[in-house]
Engineer: 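The structure follows.
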Amino acid sequence: DQSVATYSPDGKVYQVEYALKAIENSGTTIGVRCKDGVVLGVEKLLTSKMLAPGSNRRVHSVDDHITVAVTGLLADGRVLVKRAADECRGYRQNFGEPIPPKVLAERMAGFFHAFTSYWAYRPYGATLTIGGYDAELGEHELYQAEPTGDVGRYFGIAVGKGTRSAKTEIEKYAFGEKTCSEALGYLAKIMHTVHDDVKDKPFELELSWVTAETGWRAATVPADARDAANAWAL
């Protein structure tokens, strides 16, 4: 089971499953599609009390209209974020318009899949949750690309340690009927619900969005709005 190019007798590629396990051990990431945009939230576990606020970010804007969240190994995530930004830049240079979120998600899934097909590589131990706005279709979209090469479009998605509980909470709150501003408090509440204060390290909540309120530009949620959401959740 050491080679990514070899199937096991029961049809599995163990190195890919190990990569998925690395993601399961990471802090929870939640993405929701609201009626006026997309919001991403990350439970960034703090590895040291000496870390400055904002260190080792897990949410990034890779283009004016696309934000991504990384779940899993942070070093792998940095490479993936750079690749996503390069894809956005190259598409704009070649075609003279912003890349649709669907195209970026499919290209990143193809990039993931390449690392499951050659013996000299190992799969990435991280996944990308992608939120963006498609100007041609006039729609805001939420995608997730995984180390297996799979990609899907979602109304709500959770990945990481608290996946099962978070998915249940997402279904309960009907985010499709809420604005992004209204959703912030519920996202914070879900994060505090799935976080285990006894077993897990303290965490910092990171939030980003692409919404009509920001003119469909990807942006980090302002600190005062994030703090208000945290206070409401507690």
Engineer: Please check if any side-chain donor atom of Q144 sits under 3.5 Å from a side-chain acceptor atom of T129, or the reverse.
Structural biologist: yes

Engineer: Of all the heavy-atom pairs spanning T47 and L51, show the shortest one and how long it is.
Structural biologist: OG1-CD1, 3.7 Å

Engineer: I need the minimum non-hydrogen distance between R92 and P98, along with the two atoms involved.
Structural biologist: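 Closest approach of R92 to P98, heavy atoms only: NH2-CB, 3.7 Å.
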
Engineer: For the residue pair R83 and M108, establish whether any side-chain heavy-atom pair is separated by less than 4.5 Å.
Structural biologist: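 In contact.
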
Engineer: Check this for me: does any side-chain nitrogen of one of D196 and K161 sit under 4.0 Å from a carboxylate oxygen of the other?
Structural biologist: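 Here D196 does not pair with K161 in a salt bridge, since their nearest N and O are not under 4.0 Å apart.
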
Engineer: Going by side-chain contact (heavy atoms from CB on, under 4.5 Å), L142 matches just one of V39, L40, V210, V32. Which one?
Structural biologist: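 It is L40, the one option of V39, L40, V210, V32 that forms the side-chain contact (heavy atoms from CB on, under 4.5 Å) with L142.
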
Engineer: Let's go through E206 and R58 carefully: what are the C-alpha distance in whole Å and the side-chain angles of both, what is the deciding distance for salt bridge (charged side-chain N to carboxylate O under 4.0 Å, His left out) to 0.1 Å, and is it a yes or a no?
Structural biologist: CA-CA 7 Å; E206 292 189 344; R58 287 186 173 268; over 6 Å; no

Engineer: So do the side chains of W216 and H140 get within less than 4.5 Å of each other, counting heavy atoms only?
Structural biologist: yes

Engineer: Determine, step by step, whether T220 and R57 satisfy the side chain to side chain contact (heavy atoms under 4.5 Å, CB included) criterion, reporting the C-alpha distance in whole Å, the side-chain angles of both residues, the deciding distance to 0.1 Å, and the verdict.
Structural biologist: CA-CA 11 Å; T220 301; R57 292 194 60 81; 3.7 Å; yes

Engineer: Do I23 and V159 come within less than 4.5 Å of each other through their side chains, counting heavy atoms only?
Structural biologist: yes

Engineer: Are V68 and V59 side-chain neighbours, meaning at least one heavy-atom pair lies under 4.5 Å?
Structural biologist: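 Not in contact.
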
Engineer: Mind listing the closest non-hydrogen atom pair of D76 and P123 along with its distance?
Structural biologist: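 Of all heavy-atom pairs spanning D76 and P123, the closest is OD2-O, 4.5 Å.
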
Engineer: The criterion is side chain to side chain contact (heavy atoms under 4.5 Å, CB included); which residues satisfy it with N25, sequence neighbours excluded?
Structural biologist: K21

Engineer: Does some side-chain heavy atom of E136 sit less than 4.5 Å from a side-chain heavy atom of P100?
Structural biologist: no

Engineer: Between Y18 and Y14, how do the two ring planes meet: parallel, tilted or perpendicular, split at 30° and 60°?
Structural biologist: parallel

Engineer: Could you pull out the closest heavy-atom pair between A158 and A166, with the gap in Å?
Structural biologist: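 In terms of heavy atoms, the two residues are closest at CB-CB, 3.6 Å.
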
Engineer: For the residue pair Y124 and V79, what are the closest heavy atoms and their distance?
Structural biologist: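 Scanning both residues, the minimum pair turns out to be OH-CG1, 3.5 Å.
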
Engineer: Assess whether atom CH2 of W119 is packed by more than 12 heavy atoms of other residues, nucleotides or ligands within 6.0 Å.
Structural biologist: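 Count not over threshold, so no.
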
Engineer: So H195 and F203, would you call those rings parallel, tilted or perpendicular, with 30° and 60° as cut-offs?
Structural biologist: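 Tilted.
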
Engineer: Taking the six-membered ring of Y186, is the NZ or CZ of K178 close enough (under 6.0 Å from the centre) and on axis enough (within 45°)?
Structural biologist: yes

Engineer: Does the pair E139/R153 count as a salt bridge with the N-to-O cut at 4.0 Å?
Structural biologist: yes

Engineer: Would you call R107 and D86 a salt bridge, taking side-chain N to carboxylate O under 4.0 Å as the test?
Structural biologist: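 No.
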
Engineer: Given side chains that start at C-beta, do those of T116 and T148 come closer than 4.5 Å, heavy atoms only?
Structural biologist: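 The answer is no, as the side chains (C-beta and beyond) never meet within the 4.5 Å cut-off.
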
Engineer: To the nearest 0.5 Å, how far apart are OH in Y91 and CG in D63?
Structural biologist: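 Spacing of OH (Y91) from CG (D63) equals 11.5 Å.
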
Engineer: Which distance, rounded to the nearest 0.5 Å, do you find between the CD of E87 and the NZ of K82?
Structural biologist: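 Those atoms lie 11.0 Å apart.
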
Engineer: In sequence, state the C-alpha distance, the side-chain angles, and the governing distance for T179 and C34, and then conclude on side chain to side chain contact (heavy atoms under 4.5 Å, CB included).
Structural biologist: CA-CA 6 Å; T179 65; C34 303; 5.9 Å; no

Engineer: Please round to the nearest 0.5 Å and tell me the distance separating atom CG of N56 and atom CG of L46.
Structural biologist: 9.5 Å

Engineer: Determine whether L80 and V70 make a side-chain contact, defined as any pair of heavy atoms from C-beta on separated by less than 4.5 Å.
Structural biologist: no

Engineer: Locate the shortest heavy-atom distance separating A69 from T29; write the atom from each residue and the value.
Structural biologist: CB-CG2, 3.8 Å

Engineer: Measure the CH2-OG distance between W209 and S181 for me, rounded to the nearest 0.5 Å.
Structural biologist: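 So the CH2 of W209 and the OG of S181 are separated by 4.0 Å.
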
Engineer: Would you kindly confirm whether V62 and V103 end up in one hydrophobic cluster when ILVMFWY residues are joined by side chain heavy atoms under 4.5 Å apart?
Structural biologist: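 Same cluster: V62 reaches V103 through Ile, Leu, Val, Met, Phe, Trp or Tyr contacts under 4.5 Å.
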
Engineer: Could you please spell out the steps behind the salt bridge (charged side-chain N to carboxylate O under 4.0 Å, His left out) verdict for K167 and E171?
Structural biologist: CA-CA 6 Å; K167 284 183 177 179; E171 293 172 1; over 6 Å; no

Engineer: Report, as yes or no, whether the 6.0 Å neighbourhood of atom CZ on R217 holds more than 12 heavy atoms from other residues, nucleotides or ligands.
Structural biologist: no

Engineer: Using atom types as modelled and distance alone, determine if a side-chain donor or acceptor of S208 lies under 3.5 Å from a backbone N or O of A219.
Structural biologist: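 Looks like no, no N/O pair under 3.5 Å.
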
Engineer: Regarding D150 and H113, is there a side-chain donor-to-acceptor distance under 3.5 Å anywhere?
Structural biologist: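 D150 vs H113: no donor-acceptor pair found between side chains.
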
Engineer: Is there side-chain contact between I66 and S61, with heavy atoms separated by less than 4.5 Å?
Structural biologist: no

